[in-house]
Enquirer: 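Here's a structure for you.
What you are looking at is a predicted structure, and each value in this text was computed from that prediction instead of being measured. Chain A is the first sequence line, chain B the second, and so forth, proteins listed ahead of strands; every chain is numbered from 1.
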Amino acid sequence: MNIDISQLHHAVRSEADGGLSVQFSVPNMHCGGCMRKVERALSALPNVSTARANLSSRRVTVEWRGESDPPDIWQALQNIGFDSHVHVSSETSDSDRQELTKLLRDLAISGFAAGNIMMLSMSVWYGATSDYSALFHWLSALLALAALAFAGRTFFHSAARALAAGTTNMDVPISVGLVLTYAISLYDTIAGAQNVYFDAAAMLLFFLLIGRTLDHITRSKASETIQGLESLHPSGVTVFEDNGTSRFVPLADVVPGMTVQVVAGERVVVDGEVLKGTSEVDASLVSGESEPVRIVPQSRLIAGMRNLGNPVTMIASARAEDSFIAQMSRMMAIAESNQSRFRSLSDRIAQYYAPVVHLAALSALILWLSLGSELHRSVQVAVSVLIITCPCALALAVPMVNTIASSRLFESGVFVRSVTALERMSEVDTIVFDKTGTLTTAKPVASIVGMADQAELSIARQLAALSQHPNSVAIVDGVAAPIVPSSIVFGNVQEMPGEGIEGVHSGSIYRLGRPDWALHGSDAAGRVDARVNVVLSVDGRLAVAFEVSGVLLPDARSAIAALKERGYALAVLSGDTAARVEHITRQLEIAEYKASQTPEGKLRFVYDRQDNGQKILMIGDGLNDVPSLAGSHVAMTPTNAADIGRSRADFVFLDGRLSSIGEALIVSRFAQTLTKQNIAIALIYNLIAVPLAFMGFVTPLLAAIAMSTSSILVVLNSLRLRWAGPRSQCILKTDFSSVSGAS
Amino acid sequence: MDVAIPLLLLSLAMGGVGLGVFLWSIRNRQYEDLRGDAERILQDEPDQDH
């Protein structure tokens with residue numbers, strides 16, 4: 001994958017000092033050492049004035065002197081072993097940042113007010129003389145007004161919006177409670193009463209805003225990270241005109257009938273058929289099949305395939321939006337609409353919260369009035385019910401856990417994309433894997449099948465060195481062959497696209513390639529193992545047999561074993577051939593697998609299981625997995641997955657680290673337990689405090705103690721997630737450089 | 001009473017200064033990269049500008 005120049009220009013920003021800057025997202029930058037390496041490498045580039053990395057968001061901002069071309073940041077990072085993507089900051093991320101600044105400001109103001117009012121109130125509670133307490137009350141009223149005016153707006157606005165739409169939300173009882181509390185306290189201050197609730201109003205605001213801020217940080221971090229990971233679509237293609245000239249047109253302007261060039265190494269962007277040239281394509285993203293497919297004139301090309309061999313020209317048969325990718329996204333949209341909308345625990349609680357609280361306060365008012373109490377006292381009791389039931393602990397219960405869980409997963413290379421993802425993940429009982437690119441490497445690795453003569457092996461390796469085909473590269477890289485005294489010189493070397501490479505040496509014809517081609521005319525052709533896809537033949541005789549395919553990721557075995565041990569049902573769904581799928585599942589000891597699956601077939605499998613009440617976690621990377629990713633209860637993709645799939649996944653994990661699946665499951669389950677405990681703490685607190693408030697026993701002091709105790713309990717309980725379990729360390733690039741293919 | 005009032009105002013003013021400094025630090029983007037800054041103080045080489 002390389003960086004699209006037009007996209008890069010789009011991301012460039014002008015700086016105040018006349019320079020230009022661009023942001024790159026570097027997902028593997030994990031520690032201070034990585035940060036240092038990145039900054040040093042980028043500062044050394046010509047024209048670069050500063051390179052500043054941000055370890056929290058895993059991004060680096062590079063500034064260079066204007067009027068010069070952007071430095072090759074991508075290559076520089078690649079050289080020191082970091083994958084990177086251009087980060088295009090969108091309007092949403094800008095407004096997210098502004099929102100966070102506002103929330104922090106409100107938090108500071110309400111915290112300041114709450115602290116000072118508490119100090120003043122304490123002296124009143126401990127018996128300040130009446131002229132002092134009057135002064136303190138007035139000062140408190142002033143501070144609380146400032147807090148309400150600044151920090152309360154978030155809640156007032158949201159409540160007003162809900163009421164205007166004819167509905168009610170959590171913010172309605174909060175707003176009513178805040179305003180009533182302030183009003184009755186102000187009335188009492190004027191009347192010179194002893195007990196006022198200014199401290200309760202300010203503290204409520206402070207605690208509620210903490211929950212709100214944490215929630216906001218989690219949400220914006222999730223959306224920002226993914227934005228940074230999104231690799232870039234090619235924005236255009238080269239088309240040939242009838243008169244033989246070529247021009248570059250935007251992808252959206254490609255219409256059926258146009259002659260489009262497909263450069264070697266690039267992806268096909270629209271469906272169509274080959275016009276000129278023969279080559280091979282990697283269709284793994286489309287069908288899941290790992291074996292390259294040979295294409296000749298008239299072969300069908302599908303958007304998403306990657307051209308491995310020679311450049312070819314094709315005739316487009318569909319527009320980009322009607323191509324295979326688009327069909328997948330339509331299937332995905334249908335799958336998504338079929339999925340019943342998930343209602344999170346906190347949503348379900350919030351639904352009952354407002355009516356119950358209002359009813360309680362109202363019935364307290366009526367009860368006290370009917371028992372012959374004066375209006376003022378009755379309203380005071382009703383307000384104390386509102387204060388006590390204000391959802392401080394409840395507002396912290398869920399965001400606190402979510403924030404800690406997602407930042408913990410972030411550190412171990414798992415990015416949480418949706419807010420309800422953790423909750424859904426905790427319910428999973430079945431895990432369905434795609435094979436190619438998920439369990440196995442996307443880049444092929446060669447292994448020898450059966451016996452091989454060392455001299456012939458060496459010949460195979462030297463013949464392979466003459467070709468750039470991925471299978472040849474795999475043989476050169478992966479097969480250890482003895483060094484032959486003098487290099488063999490092949491005569492008459494020919495590379496046949498889709499077949500293999502041929503050379504003549506000391507009177508014999510050597511062929512390295514597909515078994516049926518290399519062994520042509522020999523009776524050995526029908527007897528080779530089904531897994532063998534490359535052979536070396538000497539005059540048609542089988543010499544060495546290779547299996548060149550994606551191999552299991554290094555940590556697949558241990559990761560799968562760990563998942564099995566924890567009782568999850570496992571299955572593999574692949575578009576690849578049965579022999580290959582079986583080969584992989586046997587190694588992993590996964591009993592259930594289905595080979596040669598179409599995207600529809602995968603989706604049907606997921607539906608069937610979910611109709612039986614199973615909760616499925618689907619893990620896949622290809623376009624053919626996209627519908628089933630959308631249809632499953634939870635979806636997870638590696639970072640090198642097809643964009644469209646990644647944009648729908650609930651979790652994205654760093655390429656090649658299958659152990660992070662187990663980590664995500666453990667953290668989600670623990671997070672869900674903690675969330676439930678937190679909600680229980682908040683409810684128990686209400687069960688004790690509400691009757692007291694009903695009886696009119698709740699003084700401002702008692703309210704302050706009760707509110708802060710329950711909130712602190714909830715926070716401490718959530719922090720257990722931070723401290724429990726193993727901590728992940730800095731992941732060095734070398735750990736997975738060998739497996740992050742496809743880039 | 002007369003001693004308490006200036007002291008009270010003083011304490012509020014001091015708190016207010018603290019609040020002001022915090023608001024300034026938010027606006028000055030001091031909280032953008034807490035993890036990175038924590039690592040940076042451990043590095044020997046002098047930092048670049050900023």
Enquirer: Find out whether A:Leu135 and B:Leu8 are in side-chain contact, i.e. whether some heavy atom of one side chain is under 4.5 Å from a heavy atom of the other.
Expert: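 SC-SC contact between A:Leu135 and B:Leu8 confirmed.
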
Enquirer: Which side chain to side chain donor-acceptor pair (under 3.5 Å) pairs, counting each pair once, include a residue from residues 208-217 of chain A, with sequence neighbours left out?
Expert: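 Pairs touching residues 208-217 of chain A that pass the test: A:Asp171-A:Arg212, A:Asp215-A:Arg219.
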
Enquirer: Quick check for you: to the nearest 0.5 Å, what is the distance between B:Phe22 atom CZ and A:Ile109 atom CD1?
Expert: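 Going from the CZ atom of B:Phe22 to the CD1 atom of A:Ile109 covers 10.5 Å.
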
Enquirer: Heavy atom to heavy atom, less than 4.5 Å: which residues from residues 11-18 of chain B reach chain A?
Expert: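 Under the 4.5 Å heavy-atom cut-off, B:Ser11, B:Leu12, B:Gly15, B:Gly16 qualify.
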
Enquirer: Using heavy-atom distances under 4.5 Å, tell me whether A:Asn54 contacts chain B through its side chain, its backbone, both, or neither.
Expert: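 Backbone plus side chain of A:Asn54, per the 4.5 Å heavy-atom cut-off to chain B.
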
Enquirer: What residue, out of B:Leu42, B:Leu34, B:Ile26, B:Asp37, has the most heavy-atom pairs lying under 4.5 Å from chain A?
Expert: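 Among the listed options, the one with the most contacts to chain A is B:Ile26.
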
Enquirer: What heavy-atom pair brings A:Ala108 and B:Leu23 nearest, and what distance separates the two atoms?
Expert: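 Smallest interatomic distance, heavy atoms only, reads CB-CD2, 4.1 Å.
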
Enquirer: Would you call A:Leu55 and B:Glu39 a side-chain contact if the rule is heavy atoms closer than 4.5 Å?
Expert: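 With C-beta onward as the side chain, the pair touches.
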
Enquirer: Quick check: do B:Arg35 and A:Arg58 have side-chain heavy atoms less than 4.5 Å from each other?
Expert: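 Sidechains of A:Arg58 and B:Arg35: in contact.
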
Enquirer: Non-hydrogen atoms of chain B under 4.5 Å away: do they reach the side chain of A:Met29, the backbone, both or neither?
Expert: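 For A:Met29, there is no contact with chain B at all, as no heavy atom is under 4.5 Å.
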
Enquirer: Please classify the contact between B:Arg29 and chain A as side chain, backbone, both or neither, with a heavy-atom cut-off of under 4.5 Å.
Expert: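 The answer is the side chain of B:Arg29.
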
Enquirer: So for A:Leu139, is it side chain, backbone, both, or neither that comes closer than 4.5 Å to the heavy atoms of chain B?
Expert: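 Only the side chain of A:Leu139 comes within 4.5 Å of chain B.
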
